[in-house]
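Here's the structure, in structure tokens; my notes come after.
This is a predicted model, so every value here is computed, not measured. FYI, the numbering just counts along the sequence from 1.
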Amino acid sequence: MVRNNVTPYIGADFYTVEMTDFDDTMKERFDLAEDKVRQIAEEETRPYFRRVGEILENIFALSYDKTMDTRGLYADALPEAYPMSFLNPAYAAKVLGLELGRALSLLYRDIIALIPMVLEGKTEYLVLFAELFIEAECDVRFAGADGGGCEDTVPDATEDVLADMRSFYTDNVGIFYTDDRDELVNGNPYIRSIVMESDLSDPAYLSRYGLFLTENEYGLQKYYANRDSAFIEKAADTFVSGYIRGFAVMGKDAAKKKTVAIHYPVGMERIVKRAAELFSERGFTALFSQSPQLSLFRRTFGESGAYATSVNPQMDFDHKNDTALYMDRRFAERTLEVTEAALSERKEAAAVFGGPAVIEVFGLPDFSPVKKPECYSYSDKQAAVISERRTKNTILTNRFIPQDERVFTIISFPLPSIGVDFDRIMDETMRINTLDNAAWQAMQQGIIDVLDRGVRAHIVGKGENNTDLVVSLHPLADPSRETNFENCTADVNIPVGECFTSPVLSGTNGRLYVSHVFISGFEYKDLWFELKDGMAVDYGCSNFPDPADGKRLIYENIMNYHDSLPMGEFAIGTNTDAYRMGRDFHIEGKLPILIAEKTGPHFAFGDTCYSYEEDTVTYNPDGKAIIARSNEISDLRKTSPEKAYFGCHTDITIPFEELAGIWAVTASREEIPVIEDGLFAVPGTEDLNAPLLALTKK
């Protein structure tokens, strides 16, 4: 594969080549690297290099025989083996020393990430990482240290290894990020072939992904293979129709777009294939992609591409900050340069990209991470670089794929690991995903009519929930034609329903508290925020004995490395059927935010729901223009765009059972109830209370 103006990393034992000779030279480098890895695996006495050499040797073998069983290559990641594995930064640091150990643990994690790439045919990546592994082995061998520099009497190889690894990741940004951006707008033909060309009734096709597959993936495949075509059609049509409706609801022109990226859990290919066919009938080509595995792209929350449930959530948590090894301003700026060049070269494909259509899953076993001091964490300086890069990348991507032209949709289904009630929960989820939009639209309009009478909303918790929060609302110049709240049914966010707004920051003050909530796979206990003029000025949780560790967890995963964030959204979820489902099956803690946000009032920190679309006028079904599209920070978009956006938006939901009420407060300080004592109080919303009342009778 020829890439102009891209220089691959070349280890000290290899020589620089011209890009025109890249393919021929890569074959020579492949052979040299394979021979050296085999030698290390056979002769090396140091445990790390012997073990990882063996894994790499087998990955080379996989490049020849793609029918190999790859499960053994993940053996060290399995929970029973992980504590004494070099994939575990704590164990690697114990054996090799802190700095060298966690760096080489990172390398091992990225090496097993090569498995699906090799099956796809990316042998170039295998060569690059094998060369880095060989380079590290040479550094340690020539230093003469048994463990890699732990002994005082021998030279320390640590600095050499760290320098090599930092250079590797920065120097190869051109390759990795160009491929990543290409896959974004053009898709991955290998993953597409799995979905569209496999015999989906035979679970053998699952091995083509090269991911470590659990009972969830095999269980999903078996479940959907045995469902009738009507079920598959209903699920796929709900998913596709929500995406198509999104263009009309958001006031965007679908005719400008030709592609849609489908992100889905492995095992659901039968629904995904039918969805791709339905998209095609509506003029869209479905794009598919690998789930990001390398440290450069690994997501700390959410899933993308064709993803599988984690083989080891603790391993994922341990490695979530691995980029701290090489994250600096030079690396960040290089990623932005390559991203801009890659999208510029693919501007035609980027221009017709319509956005993502995402299938989420829920029902994973509870997981509370163990924080390990040996794992990488970001310095304050690095956190600032990450935050700045995220903002710049959002602005950059918006140039080529304008936010005000693209849409999305998200739908969610349960996993077999949710328990013995999987089949019943699946049927109930399907029912909830296909509730009557018209009925919810009417009930939500009644709620909005009350909220629009207020200049602010007052939210109060009950019992141990000490929420006491005032949310300031935009003034309506003409209430007969304007509204603060969007009447949201099942289009971009499936299922129904919610009413949401972008609050005025000034005057939004108080405390937000939730006893427990799952956000991006993590359970937060006793999560709280203090707000002053719409900004989160303090926060915490009780996840760890040391409050500082809990605050750091929030800083990294909710605040996204910002010291403070604005409240970008205030919403009232109205899907009490989903709320009841959670309680009936005792899975409320497992519901994804997509469903959980519909089960009560929720608040999002970060950008508004209308980021980059503030000036696009949209209307509710009653014809009123939604005017609450910005706030005091996003108003900076025209003068200082780098200060207007944060590149994040994280929802936090208060369950009805923890809610004393929500009132619309008028200019004359009259308090009009929207919810009181956990029940909807607006005339015409009585049907929303039926599931809640049914719960109280149990």
Side-chain angles (χ1 to χ4, degrees), residues 432 435 439-440 442-473 484-485 487 496-501 503 508-517 526-529 531 567 569-589 591 595-603 651-666 668-698:
I432 287 170
L435 287 169
W440 255 259
M443 289 186 286
Q444 289 177 171
Q445 189 58 58
I447 294 170
I448 292 172
D449 289 343
V450 171
L451 289 167
D452 276 345
R453 294 171 62 186
V455 295
R456 57 188 177 272
H458 189 195
I459 303 95
V460 180
K462 71 177 179 181
E464 295 183 359
N465 189 314
N466 57 15
T467 294
D468 192 345
L469 183 62
V470 172
V471 175
S472 187
L473 304 176
N484 266 313
F485 287 80
N487 190 336
V496 296
E498 60 176 317
C499 319
F500 66 84
T501 190
T508 294
N509 297 303
R511 181 178 178 87
L512 171 64
Y513 171 91
V514 185
S515 61
H516 67 278
V517 62
D526 300 310
L527 179 65
W528 59 269
F529 292 83
L531 288 101
M567 179 184 287
E569 177 190 6
F570 161 54
I572 298 177
T574 62
N575 197 324
T576 51
D577 286 79
Y579 185 82
R580 179 181 177 179
M581 178 181 76
R583 294 299 189 272
D584 280 346
F585 292 103
H586 306 290
I587 58 170
E588 56 269 28
L591 295 179
I595 296 178
E597 69 174 1
K598 312 297 175 55
T599 63
H602 60 273
F603 311 83
D651 291 298
I652 298 167
T653 303
I654 300 178
F656 286 108
E657 65 184 15
E658 295 185 18
L659 191 65
I662 297 178
W663 295 267
V665 184
T666 68
S668 62
R669 298 187 179 181
E670 177 189 3
E671 293 195 347
I672 308 171
V674 176
I675 295 175
E676 279 191 319
D677 197 23
L679 293 174
F680 284 89
V682 176
T685 60
E686 292 79 10
D687 286 350
L688 298 179
N689 290 330
L692 302 176
L693 292 170
L695 287 172
T696 64
K697 296 176 182 178
K698 289 191 173 184

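Considering only heavy atoms from C-beta on, Met581 stays 4.5 Å or farther from Glu588 through its side chain. Between Met567 and Val471 the shortest side-chain heavy-atom distance falls below 4.5 Å. Inter-residue side-chain proximity for Leu693 and Leu679 is flagged as met; some heavy-atom pair is nearer than 4.5 Å. Using a 4.5 Å cut-off on side-chain heavy atoms (C-beta onward), Phe485 and Ile572 make no contact. Here the side chains of Ile432 and Ile595 are not in contact, with every heavy-atom distance at 4.5 Å or above.
Residue pairs meeting the salt bridge (Lys or Arg N to Asp or Glu O under 4.0 Å) criterion with at least one member in residues 677-689, sequence neighbours excluded: Lys462-Asp677.
Between Thr501 and Pro503, the shortest heavy-atom distance links the atoms O-CD, 3.5 Å. Ala694 approaches Arg580 most closely through the heavy-atom pair CB-NH1, 3.5 Å.
With sequence neighbours excluded, the residues that form a side chain to side chain donor-acceptor pair (under 3.5 Å) with Thr574 are Trp440, Gln444. For Asp577, the salt bridge (charged side-chain N to carboxylate O under 4.0 Å, His left out) partners at least two apart in sequence or on another chain are Arg431. Partners of Asn689 under the side chain to side chain donor-acceptor pair (under 3.5 Å) rule, at least two apart in sequence or in another chain, do not exist in this structure.
Between the side chain of Thr685 and the backbone N or O of Met443, no donor-acceptor pair lies under 3.5 Å. Not one N or O on the side chain of Asp468 forms a donor-acceptor pair closer than 3.5 Å with the backbone of Arg511. With hydrogens and angles ignored, the 3.5 Å screen pairs no side-chain donor or acceptor of Thr599 with any backbone N or O of Ala578.
Atom-to-atom distance recorded for Leu591:CG and Lys598:NZ is 11.5 Å, nearest 0.5 angstrom. For the atom pair CG of Asn466 and CH2 of Trp528, the computed distance is 10.0 Å after rounding to the nearest 0.5 Å.
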Distance-only donor-acceptor pairs under 3.5 Å for side chains of residues 652-664, two or more places apart:
{"residue": "Thr653", "atom": "OG1", "partner": "Ala596", "partner atom": "O", "Å": "3.4"}
{"residue": "Glu657", "atom": "OE1", "partner": "Arg583", "partner atom": "NE", "Å": "3.3"}
{"residue": "Glu657", "atom": "OE1", "partner": "Arg583", "partner atom": "NH2", "Å": "3.4"}
{"residue": "Glu657", "atom": "OE2", "partner": "Arg583", "partner atom": "NH2", "Å": "3.2"}
{"residue": "Glu658", "atom": "OE1", "partner": "Asn465", "partner atom": "ND2", "Å": "2.7"}
{"residue": "Glu658", "atom": "OE1", "partner": "Ser515", "partner atom": "N", "Å": "3.4"}
{"residue": "Glu658", "atom": "OE2", "partner": "Ser515", "partner atom": "OG", "Å": "2.3"}
{"residue": "Trp663", "atom": "NE1", "partner": "Glu676", "partner atom": "OE2", "Å": "3.1"}

Indicate every side-chain donor-acceptor pair of residues 445-457 with a distance under 3.5 Å to a residue at least two apart or in another chain.
{"residue": "Gln445", "atom": "NE2", "partner": "Asp449", "partner atom": "OD1", "Å": "3.0"}
{"residue": "Gln445", "atom": "NE2", "partner": "Asp622", "partner atom": "OD2", "Å": "3.1"}
{"residue": "Asp452", "atom": "OD1", "partner": "Asn484", "partner atom": "N", "Å": "3.1"}
{"residue": "Asp452", "atom": "OD2", "partner": "Thr483", "partner atom": "OG1", "Å": "2.6"}

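Checked by atom type, the side-chain pair His516/Asp526 shows no donor-acceptor distance below 3.5 Å.
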TODO: Using the side-chain contact (heavy atoms from CB on, under 4.5 Å) rule, take Phe570 and Thr508 through it: C-alpha gap first, then chi angles, then the decisive distance, then the call.
DONE: CA-CA 11 Å; Phe570 161 54; Thr508 294; over 6 Å; no
